[in-house]
Protein chains: 2
Amino acid sequence: MPERSPKVPIPSLNRLPLYYRYLLEAREQRLVVVSSEMLGDAAGVPAAQVRKDLGYLGEFGRPGIGYDVMEMQKRLAEQLGLSTQKDVIVVGAGRLGSAISAYRGFATYSMRIAALFDSDRSKIGTRVGGLEVLDVAEVGCFVQERGIQMAILAVPASMAQQVADALSQAGIAAILNFAPVKLDLPSSVVVSNEDLAARLATLSFRMIHRQE
Amino acid sequence: MPERSPKVPIPSLNRLPLYYRYLLEAREQRLVVVSSEMLGDAAGVPAAQVRKDLGYLGEFGRPGIGYDVMEMQKRLAEQLGLSTQKDVIVVGAGRLGSAISAYRGFATYSMRIAALFDSDRSKIGTRVGGLEVLDVAEVGCFVQERGIQMAILAVPASMAQQVADALSQAGIAAILNFAPVKLDLPSSVVVSNEDLAARLATLSFRMIHRQE
DNA sequence: TAGATTGTTAATCGATTAACAATC
DNA sequence: TAGATTGTTAATCGATTAACAATC
């Protein structure tokens with residue numbers, strides 16, 4: 001449970017997981033303390049930025065010394081809500097949904113894919129990377145019974161709103177949406193949109209205009 | 001070829017593809033003109049923001065009327081570098097790389113996956129969604145011969161820097177990196193990092209702190 | 001102690017929002 | 001004309017960077 005609810009700027013917030021990842025690496029390398037400069041190098045930002053970002057969450061380090069790796073990692077985990085393992089579900093067992101379900105990297109942040117859902121009869125019951133594909137009609141019950149808080153949406157654009165509504169009604173708290181549509185949901189549901197194609201288009205623009 | 005190289009704020013830049021997508025939809029619905037408010041609704045931003053964003057690229061609309069769908073779509077395509085089809089390669093034929101290679105959505109932005117590479121002997125030569133998996137040892141030649149500008153990196157973290165170096169040396173101009181590492185590359189290469197697990201961690205934080 | 005490094009304040013820079021004259 | 005809507009300027013808000021006293 002986090003001690004308080006700081007108001008953290010969105011860009012800072014996006015950097016926190018990078019700091020966290022660096023701390024895990026530092027721990028493996030048996031580092032005891034790290035400096036804001038080391039953290040900055042890992043995340044690609046200046047040391048001052050790191051200190052500012054961490055400042056939003058409280059006091060982490062000791063002047064003249066740096067940041068204690070173990071302690072900081074634990075406190076960051078608390079703040080990010082990763083101190084206990086989190087169960088996440090994936091809806092959509094197409095290529096993308098299946099790939100996400102099988103992705104190992106979530107473990108870094110103590111996240112686990114708990115179940116995978118689809119509406120396609122020919123997929124339901126099959127196994128994808130150690131998970132049985134469940135019927136999306138049951139996703140609401142599953143969320144409620146298991147107290148699932150987060151879902152990853154990897155369904156076709158035409159289905160996304162409908163599935164999101166079902167998840168929302170079941171009480172989901174956060175959705176990572178891969179469908180290229182703007183979801184219309186109550187403000188109680190936190191949504192993060194990831195549009196791979198749009199990403200590539202933005203990259204194309206930056207490339208052409210040699211931006212940043 | 002874009003007429004000029006405007007300095008566009010990064011957040012604005014991320015919205016341009018959303019406007020573009022809306023214009024494609026509007027076109028299908030036979031809309032002739034759209035307003036900044038309609039564009040804003042589609043992208044989830046205020047109308048004033050839309051006008052500001054478009055203002056960076058020149059004059060698109062007509063006061064009292066709105067934006068001509070066809071004309072604006074064409075001009076945005078030019079600016080985003082999408083007026084001619086772009087060939088993109090994917091390196092890494094694991095689950096994620098394969099899913100990306102087969103993803104249909106890139107067509108929206110005139111992007112095409114031209115080839116898929118891997119280092120695994122057992123994968124090379126097999127077919128993934130209509131593409132033959134090629135040997136990553138040949139990726140440099142391929143990039144040079146075909147004049148490929150953009151690459152998607154979906155290899156394990158431990159391989160990412162090495163592959164990125166090869167791409168960079170072959171003259172690649174932009175990389176969309178899915179490996180959870182900060183790539184160290186010459187500033188001539190534009191890099192965009194997409195860390196799915198970090199995304200989920202950020203979402204977790206926002207959920208817990210009910211941010212935004 | 002001297003050197004290192006934090007946390008925080010102040011200064012700068014950048015992005016968003018509001019307002020409105022110009023235009024259709 | 002009157003109503004609608006742009007492009008742009010000015011005002012506000014937010015984020016980054018720089019600087020430095022406090023601390024180890």
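In the text below, chain A, chain B and the rest are named by the order of the sequence lines, each starting its count at 1. Values below: every heavy atom of this structure, side chains too, minus hydrogens, waters and symmetry copies.
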Extract all donor-acceptor atom pairs below 3.5 Å that involve side chains of residues 89-101 of chain B and protein atoms in other chains or at least two apart in sequence.
| from | atom 1 | to | atom 2 | distance (Å) |
| --- | --- | --- | --- | --- |
| B/S98 | OG | B/A93 | O | 3.1 |
| B/S98 | OG | B/G94 | O | 2.7 |
| B/S101 | OG | B/G97 | O | 2.8 |

Could you go over nucleotides 2-5 of chain D and give all protein N or O partners under 3.5 Å, atom names and distances?
| from | atom 1 | to | atom 2 | distance (Å) |
| --- | --- | --- | --- | --- |
| D/dT5 | O4' | B/G64 | N | 3.3 |
| D/dT5 | O2 | B/G64 | N | 2.8 |

d([atom1], [X]; [atom2], [N]) in whole Å:
X     : N      : atom1 : atom2 : value
A/L54 : C/dT8  : CG    : P     : 11 Å
B/E59 : C/dC24 : CD    : P     : 10 Å
A/Y56 : D/dA15 : OH    : C1'   : 7 Å
B/D53 : D/dT6  : CG    : C1'   : 15 Å
A/Q49 : C/dT9  : CD    : P     : 17 Å
B/I10 : C/dT16 : CD1   : C1'   : 15 Å
A/F60 : C/dT8  : CZ    : C1'   : 16 Å
B/K52 : D/dC13 : NZ    : C1'   : 13 Å

Side chain of B/P11: nearest nucleotide among C/dA18, C/dG7, C/dT16?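 Closest of the options to the side chain of B/P11: C/dT16.
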Which nucleotide in the set D/dT8, C/dT16, C/dT8 lies at the smallest distance from any side-chain heavy atom of B/R15?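 Nearest nucleotide to the side chain: C/dT16.
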Tell me every residue that passes salt bridge (Lys or Arg N to Asp or Glu O under 4.0 Å) with A/D195, counting only those two or more places apart in sequence or in another chain.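 By the salt bridge (Lys or Arg N to Asp or Glu O under 4.0 Å) rule, A/D195 matches B/R21.
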The criterion is salt bridge (Lys or Arg N to Asp or Glu O under 4.0 Å); which residues satisfy it with B/R112, sequence neighbours excluded?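 For B/R112 the salt bridge (Lys or Arg N to Asp or Glu O under 4.0 Å) partners, ignoring immediate neighbours, are B/D87.
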Closest non-hydrogen atom pair, B/L176 against B/E194: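 Minimum heavy-atom separation between B/L176 and B/E194: CD1-CB, 4.4 Å.
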What are the two closest heavy atoms between B/M150 and A/L200, and how far apart are they?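 In this case the closest contact between B/M150 and A/L200 is CE-O, 3.5 Å.
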At what distance, to the nearest 0.5 angstrom, does CZ of A/F106 lie from CG of B/L196?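 A/F106 atom CZ to B/L196 atom CG measures 5.5 Å (nearest 0.5 Å).
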Between CG of A/L80 and CE of A/M111, what distance do you get to the nearest 0.5 Å?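 Interatomic distance, A/L80 CG to A/M111 CE, rounded to 0.5 Å: 8.0 Å.
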Judged by atom type as modelled, is there a donor-acceptor pair below 3.5 Å linking the side chain of B/R75 to the main-chain atoms of B/E59?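 Answer holds: yes.
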Only distances under 3.5 Å count here; give the side-chain donor-acceptor pairs of residues 31-39 of chain B to other protein atoms, sequence neighbours excluded, each with its distance to 0.1 Å.
| from | atom 1 | to | atom 2 | distance (Å) |
| --- | --- | --- | --- | --- |
| B/S35 | OG | B/E37 | N | 3.4 |
| B/S35 | OG | B/M38 | N | 3.2 |
| B/S36 | OG | B/R51 | NH1 | 3.1 |

Its dot-bracket string being built from Watson-Crick and G-U pairs below 3.5 Å, with | for another strand and [ ] for crossing, DNA chain C has the pattern ..||||||||||||||||||||||
